[in-house]
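Below: the structure, in structure tokens.
Just the heavy atoms: all of them, side chains too, but no hydrogens, waters or symmetry mates, feed the values below.
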Amino acid sequence: QVQLVESGGGLVQAGGSLRLSCAASGSIFSINRVDWYRQAPGKQRELVASISSGGSTAYADSVKGRFTIPINNAKNTMYLQMNSLKPEDTAVYYCNASITTVQAMGVTGHYWGQGTQVTVSS
């Protein structure tokens with residue numbers, strides 16, 4: 001069983017920073033890709049950042065230059081660093097990890113965090 005627990009959201013003023021965490025636990029064989037999504041009220045879910053197992057990153061134009069997925073040595077923990085936050089960044093943020101488990105070798109599953117609310121005040 002794999003669980004993704006998100007943390008780091010909250011209320012911040014425009015121009016501030018937050019770091020979101022996505023901690024994966026369970027019988028994990030490998031984490032192959034991590035995507036960060038956000039969904040604002042009345043809007044479609046938006047992919048904002050991705051990182052592959054090889055370390056390649058990609059960012060949506062709306063967050064490019066402000067959001068980064070930092071490299072780190074924290075085992076099974078993924079981060080989204082958000083700087084220069086704007087009110088339009090207000091949304092629920094979700095991590096999605098492509099994970100191969102020991103129990104299901106040969107199968108890559110997609111696991112979602114529970115979401116964390118980010119609210120940016122103007």
Side-chain angles (χ1 to χ4, degrees):
Q1 183 180 5
V2 174
Q3 296 182 17
L4 270 58
V5 178
E6 296 184 47
S7 62
L11 176 64
V12 65
Q13 284 189 306
S17 298
L18 287 172
R19 186 187 69 175
L20 305 185
S21 299
C22 180
S25 63
S27 187
I28 298 170
F29 181 78
S30 64
I31 300 176
N32 305 301
R33 189 181 72 251
V34 178
D35 300 325
W36 287 93
Y37 292 83
R38 67 184 181 187
Q39 188 166 24
K43 296 184 178 180
Q44 294 291 319
R45 185 169 295 180
E46 176 189 18
L47 177 65
V48 297
S50 299
I51 186 168
S52 71
S53 60
S56 298
T57 57
Y59 303 93
D61 289 340
S62 58
V63 306
K64 195 171 298 181
R66 301 186 297 116
F67 292 11
T68 58
I69 299 177
I71 57 173
N72 65 86
N73 294 320
K75 186 178 181 181
N76 293 337
T77 301
M78 296 75 72
Y79 300 99
L80 179 66
Q81 180 67 44
M82 306 186 296
N83 299 324
S84 302
L85 283 162
K86 304 174 181 179
E88 50 263 43
D89 295 320
T90 296
V92 178
Y93 284 73
Y94 300 89
C95 61
N96 179 275
S98 299
I99 295 174
T100 301
T101 65
V102 174
Q103 291 84 356
M105 296 291 292
V107 177
T108 299
H110 301 280
Y111 299 88
W112 290 90
Q114 83 281 8
T116 184
Q117 176 72 48
V118 172
T119 302
V120 184
S121 62
S122 60

If only side-chain N and O atoms count, and only distance matters, is there a donor-acceptor pair under 3.5 Å linking [Y] with [X]?
| X | Y | answer |
| --- | --- | --- |
| T108 | T100 | yes |
| N32 | S53 | no |
| E46 | S62 | yes |

Is there side-chain contact between R38 and V63, with at least one heavy-atom pair below 4.5 Å?
->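 They are in contact (side-chain heavy atoms under 4.5 Å apart), so the answer is yes.
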Tell me, with the steps shown, if I31 and M78 meet side chain to side chain contact (heavy atoms under 4.5 Å, CB included).
-> CA-CA 10 Å; I31 300 176; M78 296 75 72; 4.1 Å; yes
Pairwise distance [atom1]([X]) to [atom2]([Y]) - rounded to 0.5 angstrom:
| X | Y | atom1 | atom2 | value |
| --- | --- | --- | --- | --- |
| W36 | N96 | CH2 | CG | 10.5 Å |
| S50 | I69 | OG | CD1 | 6.5 Å |
| W112 | D35 | CH2 | CG | 7.5 Å |
| L18 | N83 | CG | CG | 9.5 Å |
| L20 | C95 | CG | SG | 9.0 Å |

Group every Ile, Leu, Val, Met, Phe, Trp and Tyr by side-chain heavy-atom contacts under 4.5 Å, then state whether [X] and [Y] land in the same group.
| X | Y | result |
| --- | --- | --- |
| V12 | L80 | yes |
| V48 | Y79 | no |
| V2 | V34 | yes |
| V120 | Y37 | no |

Between M82 and V118, what is the shortest heavy-atom contact and its length?
->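 In this case the closest contact between M82 and V118 is CE-CG2, 3.8 Å.
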Using the test side-chain contact (heavy atoms from CB on, under 4.5 Å), find all partners of S27 that sit at least two apart in sequence or belong to another chain.
->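 side-chain contact (heavy atoms from CB on, under 4.5 Å) check on S27 returns V102, Q103.
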Please check if atom OH in Y59 has more than 12 non-hydrogen atoms from other residues, nucleotides or ligands closer than 6.0 Å.
->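 Yes.
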Give a yes or no on whether a salt bridge exists between D89 and K86, defined as a side-chain N under 4.0 angstrom from a carboxylate O.
->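 No.
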Could you please spell out the steps behind the side chain to side chain contact (heavy atoms under 4.5 Å, CB included) verdict for I28 and T101?
-> CA-CA 5 Å; I28 298 170; T101 65; 5.6 Å; no
Looking at [Y], is its backbone amide N or carbonyl O close enough to the side chain of [X] to form a donor-acceptor pair, meaning the two atoms are under 3.5 Å apart?
| X | Y | answer |
| --- | --- | --- |
| S52 | R33 | no |
| E6 | G115 | yes |
| R66 | S84 | yes |

Which of parallel (below 30°), tilted (30 to 60°) and perpendicular (above 60°) describes F67 and Y93?
->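 Because their plane-to-plane angle lies in the 30° to 60° range, the rings of F67 and Y93 count as tilted.
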